[in-house]
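Here is the structure we will look at.
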Amino acid sequence: MELDPNDYRRALQSASEHALDWISSLPERPVRPELDVGGLLASIDRPLPENGSDAAAVVDELAALAAPGLMAMPSGRFFGWVIGGTLPAAMGADWLVSAWDQNAAMRYPTPATAALEQVAGSWLLDVLGLPSESDVGFTTGATMANWTGLAAARAWVLDRADWDVNADGLAGAPRVTVLVGAERHTSLDLALRYLGLGTPTIVDADDQGRILVEDLRAHLHEVDGPVIVCLQAGNLHSGAFDPMRSAIRVAHEHGAWVHVDGAFGLWAAASPTLREALDGIETADSWATDAHKTLNVPYDCGVAIVSRPSVTRAALGTQTAYLIRDSADVSEPFDLVPEMSRRARGVPVWAALRQLGRNGVAELVDRLVENARALADGLREISDVHIVNDVAFTQVCVTFGSDEQTRAVTARLIDEGAVWMSGSRWRGEEVLRISVSNWSTDAADVRFSIEAVRRAIAG
Ligand SMILES: *Cc1c(COP(=O)(O)O)cnc(C)c1O
């Protein structure tokens with residue numbers, strides 16, 4: 001097999017055509033995939049060929065093999081889990097990131113991506129209203145962004161208890177108490193597990209899943225020793241925000257580090273009309289969010305923000321002869337995230353923010369919320385449909401009279417394929433869960449989706 005540098009032109013042209021075909025099919029195609037994994041493997045599962053193939057032909061073959069198994073996640077009629085689409089500039093930027101193939105670990109060898117990511121980080125702090133001196137690292141997603149914030153938290157609270165976790169590990173260390181709301185996202189439990197902090201202590205939540213500050217205070221009174229408090233901006237089911245200012249104040253009175261999981265909800269801070277719901281959030285110590293949800297950049301892109309730069313670098317940074325520091329005073333990208341080698345995933349964030357501008361980000365967030373409210377209002381008019389949550393942000397939970405009926409409506413809706421909404425269970429009930437996270441969802445999609453639910457109810 002001859003490898004030829006000219007293959008790039010043909011392979012990329014082919015990829016570009018397939019990509020545009022896919023994108024232009026989105027408005028009309030069913031949202032769900034035609035085949036499941038088993039069905040796809042009937043054509044994909046072949047022994048490794050002895051001999052190679054032409055590069056552009058491989059791209060063509062790939063597009064054809066994948067087509068029946070693609071979910072129209074970038075469609076304006078996809079409302080599953082919490083999943084954003086991709087803004088055009090962010091997608092173009094992502095293609096360039098692949099073509100440039102920079103290893104974004106260090107500043108000195110890859111100044112262009114380091115500078116763009118640094119500015120993307122400053123813009124994020126600006127648009128989210130967080131302290132401007134914070135560290136910003138680009139992780140694979142909010143799970144690892146939560147991990148990063150909590151790694152900094154672990155080092156800081158143990159340091160204040162005269163324990164050096166880098167040197168001495170956790171064996172024999174003072175017990176770190178981690179307090180989380182009853183309805184925190186499961187990725188926090190994962191991050192705590194990866195950090196050796198075990199299962200967190202649960203603080204009660206109200207009927208929208210918001211942490212109860214009085215219960216938080218009661219738990220804090222009982223804690224002796226290092227403590228981390230995890231708050232949530234954006235509940236997966238209700239979209240609700242924990243009461244930031246009062247919860248953070250109580251936690252700080254007890255010497256806790258406060259980490260906020262704002263995977264999608266942190267973006268409310270970018271909207272002048274919604275910002276008040278997050279009042280005081282800038283007083284926390286670390287924050288995790290996703291750019292691949294509300295900001296609509298391609299997978300994978302999370303953002304880890306830590307208000308105390310020296311803490312992140314002490315927790316995650318390293319010193320070797322071959323990792324070259326641009327300057328002793330400036331943190332390197334590898335000081336801010338668990339990864340060393342990685343793609344320059346902050347560059348599509350730069351492009352998304354550049355395309356939208358400050359007003360565009362606010363409008364994007366406001367539009368998602370408007371569409372969520374319009375969906376809830378339209379569905380509420382159908383008999384036997386009940387909206388379970390206060391629609392404070394982008395999430396809507398719906399029931400249809402009984403668990404059995406909710407399951408049946410969800411199954412028919414997904415099967416018909418006009419829209420995709422996920423099933424879940426919340427507060428003891430089966431629910432149909434709608435997340436409006438795609439920039440391209442418009443009023444027509446909302447009307448169309450309400451009609452799809454009406455059809456699913458009729459059976
Ligand atoms: C999606 C989500 C996460 C996990 O984010 P990933 O990007 O999937 O790692 C964490 N918390 C909340 C509230 C989420 O919605």
Side-chain angles (χ1 to χ4, degrees), residues 71 73 78-86 90 94 124 128 136-151 153 178 180-195 200 205 208-211 228-242 244 247 258-269 277-278 281 284 286-305 337-339 342-343 345-346 348-349 352 365 368-369 372 389 392-397 421-422 424 426 431 433-438:
M71 168 82 91
M73 282 188 171
F78 181 88
F79 304 101
W81 300 278
V82 183
I83 288 188
T86 299
D94 199 58
L124 281 170
L128 296 170
V136 181
F138 294 99
T139 60
T140 49
T143 304
M144 290 317 289
N146 279 327
W147 182 92
T148 303
L150 291 168
V178 184
V180 301
E183 294 204 16
R184 83 282 177 199
H185 192 270
T186 186
S187 65
L188 272 178
D189 297 61
L190 280 177
L192 293 169
R193 204 193 291 169
Y194 304 158
L195 287 163
Q208 298 299 309
R210 292 174 290 232
I211 204 166
I228 299 169
V229 171
C230 299
L231 300 178
Q232 177 166 262
N235 176 291
L236 205 57
H237 289 99
S238 67
F241 309 105
D242 285 347
M244 293 295 163
V258 181
H259 173 76
V260 179
D261 175 9
F264 65 97
L266 193 58
W267 293 89
L278 290 177
I281 194 167
S286 56
W287 306 262
T289 192
D290 269 321
H292 58 219
K293 290 179 177 170
T294 315
L295 186 62
N296 281 255
V297 310
Y299 286 97
D300 41 24
C301 189
V303 187
I305 304 170
V337 293
E339 293 93 352
R342 64 173 177 84
R343 69 190 278 100
R345 57 170 66 92
V349 172
V365 176
L368 299 177
V369 178
N389 64 310
F393 198 52
T394 54
Q395 310 296 103
V396 184
C397 276
M421 298 167 178
S422 310
S424 184
W426 189 48
V431 293
R433 208 167 55 87
I434 301 172
S435 175
V436 185
S437 302
N438 191 305

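Counting begins at 1 with the first residue of the sequence. Ligands are counted one by one from 1 in listed order, and the atoms in each one are counted from 1 as well. Bear in mind the structure is a predicted one, so any value in this text is a computation, not a measurement.
- Among all non-hydrogen protein atoms, the one lying nearest atom 7 (O) of ligand 1 is Asp290 OD2, 2.7 Å.
- The side-chain heavy atoms of Leu150 and Leu188, taken from C-beta on, include a pair separated by under 4.5 Å.
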Decide yes or no on side chain to side chain contact (heavy atoms under 4.5 Å, CB included) for Phe264 and Asp290, but give the supporting numbers first.
CA-CA 6 Å; Phe264 65 97; Asp290 269 321; over 6 Å; no
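- Using a 4.0 Å cut-off between heavy atoms, Leu236 contacts ligand 1 through its side chain alone, with no backbone atom that close.
- Close contacts of ligand 1 with Gly141, meaning ligand atoms under 4.0 Å from a residue heavy atom, involve 7 (O), 9 (O).
- Contacts between Thr143 and ligand 1 below 4.0 angstrom, taking non-hydrogen atoms only, involve backbone and side chain alike.
- Among the atoms of Asn146, none of the N or O lies under 3.5 angstrom from an N or O of ligand 1.
- Nearest protein heavy-atom contact of atom 10 (C) of ligand 1 is Ser187 OG, 3.1 Å.
- Between Leu278 and Trp267 there is no side-chain heavy-atom pair separated by less than 4.5 Å.
- In this structure, Met144 CE and Leu190 CG are separated by 10.0 Å, a value rounded to the nearest 0.5 Å.
- Residue contacts with ligand 1 for Phe264 involve side-chain atoms from C-beta outward but no N, CA, C or O (heavy atoms, distance under 4.0 Å).
- We find the CZ-CG distance between Arg345 and Asp300 to be 4.5 Å, quoted to the nearest 0.5 Å.
- Note on ligand 1: Gly302 sits outside its first shell, no heavy atom being nearer than 4.0 Å.
- The nearest heavy-atom contact from the protein to atom 11 (N) of ligand 1 is Asp261 OD2, 2.7 Å.
- One side chain, His259 or Asn146, offers a donor N or O that lies under 3.5 Å from an acceptor on the other.
- Those atoms of ligand 1 that come under 4.0 Å of a heavy atom in Ala263, given as number and element, are 2 (C), 3 (C), 10 (C), 11 (N), 12 (C), 13 (C), 14 (C), 15 (O).
- For His292, the heavy-atom gap to ligand 1 drops under 4.0 angstrom.
- Taking the six-membered ring for Trp and thresholds of 30 and 60 degrees, Trp426 and His237 have nearly parallel ring planes, at less than 30 degrees apart.
- In this structure, CZ in Phe393 is found 7.0 Å from CG in Leu368, a value given to the nearest 0.5 Å.
- At a heavy-atom distance under 4.0 Å, atoms from both the backbone and the side chain of Ala142 approach ligand 1.
- The part of Lys293 lying near ligand 1 is the side chain, judged by heavy-atom distances below 4.0 Å.
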Would you sort out whether Ser437 and Ile83 count as a side chain to side chain contact (heavy atoms under 4.5 Å, CB included), showing the intermediate values?
CA-CA 6 Å; Ser437 302; Ile83 288 188; 5.7 Å; no
